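Here the structure is laid out as structure tokens; the discussion comes afterwards.
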Amino acid sequence: MKCEAGASDNAECGVRSADDCQLLNPQSIRTPHSAIHNQSAIRNPQSAMTPPTILPGAIVGVLGGGQLGRMFAMAARRLGYRVHTLAPEHDTPTGQIADVEINASYDDVEAVRAFAKGVDVVTFEFENVPAAAAAAAEAHAIVRPNGRALAIAQHRLREKTFLADHGLPVAPFARIDRDADLAAAMAKVGCPAVLKTAAFGYDGKGQVAIEKPDDLGPAWETLGRREAILEAFVDLQREISVVGARTAGGEWSPFAPIENEHLRHILDVSVAPARIPALTAALAVDVTRRVMEALDYVGLLCVEFFITRDGRLLVNEIAPRPHNSGHLTFDACRTSQFEQQLRAICGLPLGSTEMFQPAAMANLLGDLWEGGEPRWAAALAYPDVKLHLYGKSSPRPGRKMGHLTALADSASEAKARVLQARAALKG
Ligand SMILES: Nc1ncnc2c1ncn2[C@@H]1O[C@H](COP(=O)(O)OP(=O)(O)O)[C@@H](O)[C@H]1O
Ligand SMILES: [Mg+2]
């Protein structure tokens, strides 16, 4: 185990155990920046560049107010950190757990600036924060991941271009920004294809299927003639994701690949470990590491992959934050993706990602409320199933309200079990 980012092992730190590290890292009072120590400067005056460790007691700022921030805040508070969150809405899933909830638009650069001044480190649970806001935060606090990584991951064209430029496998794609681009894009990508807005898409929003070349013009109209990407439609065998974390010192750690099933372009069920060949799993983990290194990424991210019917691995997209598919790590792994995000941004040793047992997660969308309140007691009657609800008051169709996780002796059994429990919610 490493005692802080930048130290390669305990011998180098001059300590014998994690407990010894604690002794070297006395807790500090709750004032921004006061809980940051560059201990390498104390023990090794040569390495003034070693990034500082942000210790328990410090204040972590989360831009975004959704369920990803909520579960991050739970992990952070368990470890004794304070959490501030900024989002446009009131009483957000994150705000309900955080110490402080600030209500402001992400476009409100002054509000973001003030928010950053009040915390020790800023991270994201929502990636569509404008570049100007990320830059304002970076001027006043440590921001992890960095603004460049965010700018790439929040824009599908920049993202695909970045991946292709680094020799990472992606489906054929082309940019569409004006009428004149339509024919060239179709010639390059072919049919069938998917047209996606370059920015602000999530859960399949901003996407149109293209069956034949004549569909493309009208589809671009439907998307409001905004900058878009045309992607070849991939004949999918499976979708998987890899969640990984990396510290400023370059330590990195992946979770086992997770298998994902979507319904109407929204994640429905995740199963881990993914039931795929070991070689494909190793390749996906290696691609994730390469993505993180190329972005000089500090924090936690998820790479979504397609596995084609003929067994090839393609990168679909990068999420610069915890991911819905990683929710099962909360119950199934020694360290959850949320605690790992905290450890990575704070420069703490990364935790073990070992799974206690194979696991499956089923999303609970607002649709489930159609016939009235779900029968919570019926799902809770499954002793091997855990219920997570995000504290959202209005259950709209397609809205992620919570999830269930089941652990079992095999991935297939866990999946069957979580689906049974979800069915029981409807009675
Ligand atoms: N090029 C494609 N070929 C086949 N399926 C696709 C393609 N692009 C997207 N999809 C399907 O739609 C889902 C959502 O698309 P994605 O690009 O990941 O956007 P989002 O940001 O909404 O998650 C994918 O997980 C996959 O199931
Ligand atoms: Mg996706």
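Whatever order the structure lists them in is the order used to number ligands and atoms, beginning at 1. In this chain, residues are counted from 1 in sequence order. Small disclaimer: the values here were computed from a predicted structure and weren't measured.
In this structure, Phe338 and His327 have tilted ring planes: the angle between them lies in the 30° to 60° band.
Interface of His262 with ligand 1, defined as ligand atoms under 4.0 Å from a residue heavy atom, comprises 25 (O), 27 (O). Using a 4.0 Å cut-off to heavy atoms of Gly201, the atoms of ligand 1 that qualify are 21 (O). In summary, the atoms of ligand 1 found under 4.0 Å from a heavy atom of Asp203, numbered by their order in the structure, are 20 (P), 22 (O).
Closest approach between the Mg ion (ligand 2) and any N/O/S atom of Glu304 involves OE1. Counting just the N/O/S atoms of Glu317, the one with the shortest distance to the Mg ion (ligand 2) is named OE2.
Evaluated by nearest non-hydrogen atom to atom 9 (C) of ligand 1, the leading choice among Lys196, Glu304, Glu231 is Lys196. With distances taken over non-hydrogen atoms, the option nearest atom 5 (N) of ligand 1 out of Phe233, Tyr202, Phe200, Phe173 is Phe233. Closest to atom 16 (P) of ligand 1 by heavy atom, among His323, Glu127, Lys205, Gln207, is Gln207.
Inclusion of Ala232 in the set of residues having an N or O under 3.5 Å from an N or O of ligand 1 is warranted. For the pair Gly204 and ligand 1, the shortest N or O to N or O distance falls below 3.5 Å. Residue Val234 places at least one N or O, backbone or side chain, under 3.5 Å from an N or O of ligand 1.
Taking a 4.0 Å cut-off on heavy atoms, Ala171 fails to register as neighbouring ligand 1. Contact annotation: Ala193 has no heavy atom less than 4.0 Å from any atom of ligand 1.
The side chain to side chain contact (heavy atoms under 4.5 Å, CB included) test applied to Ala149 returns Pro145, Asn146, Leu295, Tyr297, not counting sequence neighbours. Evaluation of the side chain to side chain contact (heavy atoms under 4.5 Å, CB included) rule for Arg264 yields Asp367 as partners, not counting sequence neighbours.
Scanning the protein for heavy atoms near atom 7 (C) of ligand 1, the closest one is Phe306 CZ, 3.5 Å. In terms of protein heavy-atom proximity, atom 27 (O) of ligand 1 is nearest to Glu239 OE2, 2.6 Å. Of all protein heavy atoms, the one closest to atom 20 (P) of ligand 1 is Glu317 OE2, 3.3 Å. The protein heavy-atom contact nearest to atom 11 (C) of ligand 1 is His265 ND1, 3.7 Å.
Only the side chain of Asn316 comes within contact range of ligand 1, with a heavy atom under 4.0 Å; no backbone atom does.
In summary, Arg290 and Glu293 do not engage in a salt bridge, as defined by a charged side-chain N under 4.0 Å from a carboxylate O. The pair Lys212-Asp214 does not count as a salt bridge, with every side-chain nitrogen at least 4.0 angstrom from each carboxylate oxygen. We find that Glu259 and Lys415 are not joined by a salt bridge, their nearest charged nitrogen and carboxylate oxygen being 4.0 Å or further apart.
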**Report entry** Evaluation steps, side chain to side chain contact (heavy atoms under 4.5 Å, CB included), between Leu195 and Leu230
**Finding:** CA-CA 5 Å; Leu195 185 69; Leu230 186 68; 4.1 Å; yes
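Distance alone, capped at 3.5 Å, places no donor-acceptor pair between the Thr329 side chain and the Cys333 backbone. Not one N or O on the side chain of Arg417 forms a donor-acceptor pair closer than 3.5 Å with the backbone of Ala408.
Close placement of the His403 and Tyr390 rings is indicated, their centers lying within 6.0 Å of each other.
Checked by atom type, the side-chain pair Asn260/Ser270 shows a donor-acceptor distance below 3.5 Å.
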